[in-house]
Colleague: 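To start, I am sharing the structure in question, which I have written as structure tokens.
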Amino acid sequence: MVGEEGAFVLGWDEVLTEEELSVALKVLCMSEEEFKEYKEQDGWEDDSEEEENSTLSNEALTRLKTPCKKLLYDSVLLTLESYGTDLKAEQDLLNNKDAYEKLSRREQQALHVRYGQKRILHQLLELIQ
């Protein structure tokens, strides 16, 4: 359902792996009975036209049903906990010129990537609260 990487790709304005996330949220928020019915009806291919034409923009994320928001929110929190540091620690390191310059070029690049990832995840948390 999530592809080989087992992750969803988020951008600043929308979910880039929107089809995978939509299906995952839909299925994970179903009751066992709803899932059986969905599966029996070959629901994997026959979603409504409305769902096919929708995108998971930031605005659309705010309109998710409560169980889907909760699942997504908890998933984002778990992802953030998997990092060794929090967003503030990354920001402090970026703002500390002396400490930043002591990092190797590779460490500086990794810092920028982690900081960007965390900012996107924090933005998502704000959207779905």
Side-chain angles (χ1 to χ4, degrees):
M1 194 176 348
V2 190
E4 291 180 25
E5 296 297 315
F8 301 107
V9 181
L10 307 171
W12 283 111
D13 300 317
E14 64 187 10
V15 176
L16 302 176
T17 54
E18 63 183 282
E19 183 177 345
E20 292 89 347
L21 182 58
S22 291
V23 171
L25 288 173
K26 182 176 184 176
V27 170
L28 292 171
C29 290
M30 287 180 179
S31 67
E32 186 176 345
E33 186 176 306
E34 289 171 325
F35 178 72
K36 284 179 183 177
E37 183 179 319
Y38 186 67
K39 198 171 154 185
E40 287 171 5
Q41 294 177 359
D42 294 326
W44 306 109
E45 296 296 326
D46 298 329
D47 283 339
S48 71
E49 188 176 313
E50 179 182 312
E51 288 175 356
E52 288 176 8
N53 293 330
S54 68
T55 61
L56 281 179
S57 65
N58 286 349
E59 182 183 331
L61 289 169
T62 65
R63 295 189 308 265
L64 287 173
K65 293 178 182 175
T66 301
C68 291
K69 281 185 178 181
K70 172 87 170 106
L71 178 63
L72 191 54
Y73 189 89
D74 290 346
S75 299
V76 170
L77 288 179
L78 284 172
T79 301
L80 286 169
E81 288 174 9
S82 72
Y83 288 97
T85 58
D86 63 8
L87 184 65
K88 181 167 177 7
E90 305 287 4
Q91 180 68 53
D92 291 345
L93 186 52
L94 284 167
N95 289 334
N96 183 334
K97 187 176 180 181
D98 292 333
Y100 179 80
E101 289 178 354
K102 289 180 183 176
L103 299 174
S104 69
R105 182 75 179 135
R106 185 175 179 172
E107 290 170 324
Q108 290 174 354
Q109 291 171 340
L111 173 63
H112 284 281
V113 169
R114 282 192 317 272
Y115 179 69
Q117 290 171 339
K118 290 175 188 178
R119 285 190 55 213
I120 289 172
L121 291 170
H122 279 274
Q123 173 184 289
L124 181 56
L125 286 177
E126 288 177 21
L127 289 169
I128 58 177
Q129 278 185 334

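As the structure is a prediction and not an experimental result, all values here were calculated from the model. Note that the numbering runs from 1 along the sequence shown for the chain.
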Colleague: How many angstroms lie between CD in Glu18 and CG in Leu61, if you round to the nearest 0.5 Å?
Modeller: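 Here the rounded value is 10.0 Å.
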
Colleague: Taking atom CD1 of Ile120 and atom CH2 of Trp12, what is their separation to the nearest 0.5 Å?
Modeller: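 Interatomic distance, Ile120 CD1 to Trp12 CH2, rounded to 0.5 Å: 5.0 Å.
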
Colleague: Rounded to the nearest 0.5 Å, what's the gap from CZ on Arg119 to CZ on Arg114? Could you check?
Modeller: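 It comes to 15.0 Å.
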
Colleague: Can you tell which of Lys39, Glu33, Glu37 makes a side-chain contact (heavy atoms from CB on, under 4.5 Å) with Phe35?
Modeller: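 For Phe35, the side-chain contact (heavy atoms from CB on, under 4.5 Å) check succeeds only for Lys39.
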
Colleague: Would a hydrophobic clustering, with Ile, Leu, Val, Met, Phe, Trp and Tyr connected at side-chain separations under 4.5 Å, put Leu87 with Ile128?
Modeller: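 Different clusters.
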
Colleague: For Ser82 and Thr79, which heavy atoms make the closest approach, and how far apart are they?
Modeller: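 Reported closest heavy-atom pair: OG-O, 2.5 Å.
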
Colleague: Are Leu77 and Phe8 connected in a single hydrophobic cluster, I mean Ile/Leu/Val/Met/Phe/Trp/Tyr linked by side-chain heavy atoms less than 4.5 Å apart?
Modeller: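 Phe8 clusters together with Leu77.
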
Colleague: Determine, for Glu59 against Arg63, whether the closest basic-nitrogen to carboxylate-oxygen distance falls under 4.0 angstrom.
Modeller: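 Yes.
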
Colleague: Keeping Thr17 on the side-chain end and Glu20 on the backbone end, is there a donor-acceptor pair under 3.5 Å?
Modeller: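 No, the answer is negative, given that no donor and acceptor are paired below the 3.5 Å cut-off.
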
Colleague: Using 0.5 Å steps for rounding, measure from the CG atom of Leu72 to the SG atom of Cys29.
Modeller: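 Output value for this atom pair is 9.0 Å.
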
Colleague: Check whether any side-chain N or O of Glu126 sits under 3.5 Å from a backbone N or O of Gln123 as a donor-acceptor pair, and report yes or no.
Modeller: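 Not a single qualifying donor-acceptor pair exists.
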
Colleague: Under a 4.5 Å side-chain heavy-atom rule over Ile, Leu, Val, Met, Phe, Trp and Tyr, are Leu28 and Val15 clustered together?
Modeller: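 Same cluster: Leu28 reaches Val15 through Ile, Leu, Val, Met, Phe, Trp or Tyr contacts under 4.5 Å.
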
Colleague: Would you indicate whether the side-chain heavy atoms of Asp13 and Ser57 approach each other to under 4.5 Å?
Modeller: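 Result no, sub-4.5 Å side-chain heavy-atom pair not found.
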
Colleague: Could you check if a side-chain atom of Leu10 sits within less than 4.5 angstrom of a side-chain atom of Leu124, using non-hydrogen atoms only?
Modeller: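 Yes, their side chains come closer than 4.5 Å.
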
Colleague: For atom CD of Glu32, is the number of surrounding heavy atoms from other residues, nucleotides or ligands below 6.0 Å larger than 12?
Modeller: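 Count not over threshold, so no.
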
Colleague: Looking only at heavy atoms, which two atoms of Leu103 and Gln108 are closest? And how far apart?
Modeller: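 Smallest interatomic distance, heavy atoms only, reads O-NE2, 3.5 Å.
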
Colleague: I'd like to know if the side chain of Asn95 reaches the main chain of Gln91, judged simply by a donor and an acceptor atom lying under 3.5 Å from each other, with no hydrogens or angles considered.
Modeller: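 Yes.
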
Colleague: Heavy atoms only: give me the nearest Thr85-Lys118 pair and the separation to one decimal.
Modeller: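 Heavy-atom minimum between the residues: O-NZ, 2.6 Å.
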
Colleague: Partners of His112 by ring pair (Phe, Tyr, Trp, His ring centres under 6.0 Å), sequence neighbours excluded?
Modeller: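 Testing His112 for ring pair (Phe, Tyr, Trp, His ring centres under 6.0 Å), a comparison that skips the adjacent residues, returns Tyr100.
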
Colleague: Do Leu80 and Leu71 land in one hydrophobic cluster if side-chain heavy atoms of ILVMFWY residues count as linked below 4.5 Å?
Modeller: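 Yes; tracing contacts between hydrophobic side chains, which count when under 4.5 Å, links both residues.
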
Colleague: Just by distance, do the side chain of Asn58 and the backbone of Leu127 share a donor-acceptor pair under 3.5 Å?
Modeller: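 Not confirmed, Asn58 side chain does not pair with Leu127 backbone.
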
Colleague: Under the 3.5 angstrom rule, does the side chain of Glu107 hit a backbone N or O of Ser104 as a donor-acceptor pair?
Modeller: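 Present.
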
Colleague: Do we see a donor-acceptor contact under 3.5 Å between the side chains of Gln117 and Tyr83?
Modeller: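 Indeed, the side chains of Gln117 and Tyr83 share at least one donor-acceptor pair under 3.5 Å.
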
Colleague: Do NZ/NE/NH1/NH2 and the carboxylate oxygens of Lys102 and Asp98 come within less than 4.0 Å?
Modeller: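 Salt bridge: no.
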
Colleague: Measure the NZ-CD distance between Lys70 and Gln129 for me, rounded to the nearest 0.5 Å.
Modeller: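 Separation between the atoms: 12.0 Å.
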
Colleague: Evaluate the criterion side-chain contact (heavy atoms from CB on, under 4.5 Å) for residue pair Leu25 and Leu64; output intermediate values, then yes/no.
Modeller: CA-CA 10 Å; Leu25 288 173; Leu64 287 173; 4.1 Å; yes

Colleague: To the nearest 0.5 Å, how far apart are CG in Leu21 and CG in Leu56?
Modeller: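 Rounded to the nearest 0.5 Å, the CG-CG separation comes to 5.5 Å.
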
Colleague: So, the side chain of Lys69 versus the backbone of Thr62: is there a donor-acceptor pair under 3.5 Å, distance only?
Modeller: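 Side chain of Lys69 to backbone of Thr62: a pair is present.
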
